[in-house]
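In what follows, a single structure is set out as structure tokens and then discussed.
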Amino acid sequence: MLPSDSWWDSRAMWWNTAGFQRMVNGAASFSPPSTDEIRNSAKSFPDAGSVDYLRKAGIRTVVLVPDSTYGTPWQQASGKPIDGLGIKRTYAGTAIIYTL
């Protein structure tokens with residue numbers, strides 16, 4: 001789920017209680033190096049490098065909440081082209097679901 005930081009990940013974890021889907025977002029008293037690596041690699045999402053990294057990490061779906069991205073690295077993500085990335089973009093209410 002994007003945006004991703006300790007505050008937003010707490011929110012994502014709460015939202016996930018509706019179905020407990022597997023996800024990489026999470027928050028605790030510290031961020032493990034793997035979480036920081038995923039966040040850093042996804043800062044340019046959606047582009048070829050971030051999509052490739054996320055796929056290799058086993059991530060198949062990215063949910064972007066555009067209304068929550070102001071001031072984050074994902075502020076422009078919703079308007080980025082996805083042509084040639086081999087991904088699908090679906091709109092669900094105020095969220096965008098990218099299927100990798």
Side-chain angles (χ1 to χ4, degrees):
M1 179 169 258
L2 298 175
S4 177
D5 61 24
S6 60
W7 190 88
W8 284 109
D9 284 5
S10 294
R11 190 177 198 183
M13 289 175 15
W14 183 79
W15 286 341
N16 193 37
T17 61
F20 293 105
Q21 301 296 314
R22 290 182 62 195
M23 64 182 204
V24 296
N25 297 74
S29 58
F30 70 95
S31 291
S34 59
T35 300
D36 290 335
E37 186 176 323
I38 290 170
R39 285 179 183 151
N40 287 331
S41 297
K43 283 184 178 178
S44 58
F45 185 84
D47 68 353
S50 64
V51 169
D52 183 56
Y53 177 87
L54 294 171
R55 282 181 176 146
K56 286 178 180 173
I59 297 167
R60 301 289 175 247
T61 305
V62 174
V63 177
L64 176 72
V65 184
D67 293 347
S68 302
T69 60
Y70 181 77
T72 74
W74 301 282
Q75 185 171 338
Q76 303 300 321
S78 65
K80 286 184 173 181
I82 60 169
D83 300 337
L85 297 177
I87 65 176
K88 180 182 173 187
R89 180 171 31 207
T90 306
Y91 296 88
T94 60
I96 303 172
I97 302 168
Y98 294 88
T99 305
L100 310 184

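Within the model, atoms CG of Leu100 and CZ of Phe45 stand 5.5 Å from one another, a figure rounded to the nearest 0.5 Å. With rounding to the nearest 0.5 Å, the separation of OG in Ser50 from CG in Leu85 is 7.5 Å.
Counted within 6.0 Å of NZ on Lys80, heavy atoms from surrounding residues, nucleotides or ligands total more than 12; the atom is thus considered enclosed.
Without hydrogens or angle criteria, Ser41 side chain to Ile38 main chain gives no donor-acceptor distance under 3.5 Å.
A salt bridge links Asp36 with Arg39; the closest basic N to acidic carboxylate O contact falls under 4.0 Å.
Between Ile96 and Val62 the shortest side-chain heavy-atom distance does not fall below 4.5 Å. A heavy-atom distance below 4.5 Å is not found between the side chains of Asn40 and Tyr53. Using a 4.5 Å heavy-atom cutoff, the side chains of Ile82 and Tyr98 are in contact. Counting heavy atoms from C-beta on, the side chains of Ile87 and Arg55 come closer than 4.5 Å.
Here the closest non-hydrogen pair linking Leu64 and Trp74 is CD1-CB, 4.1 Å.
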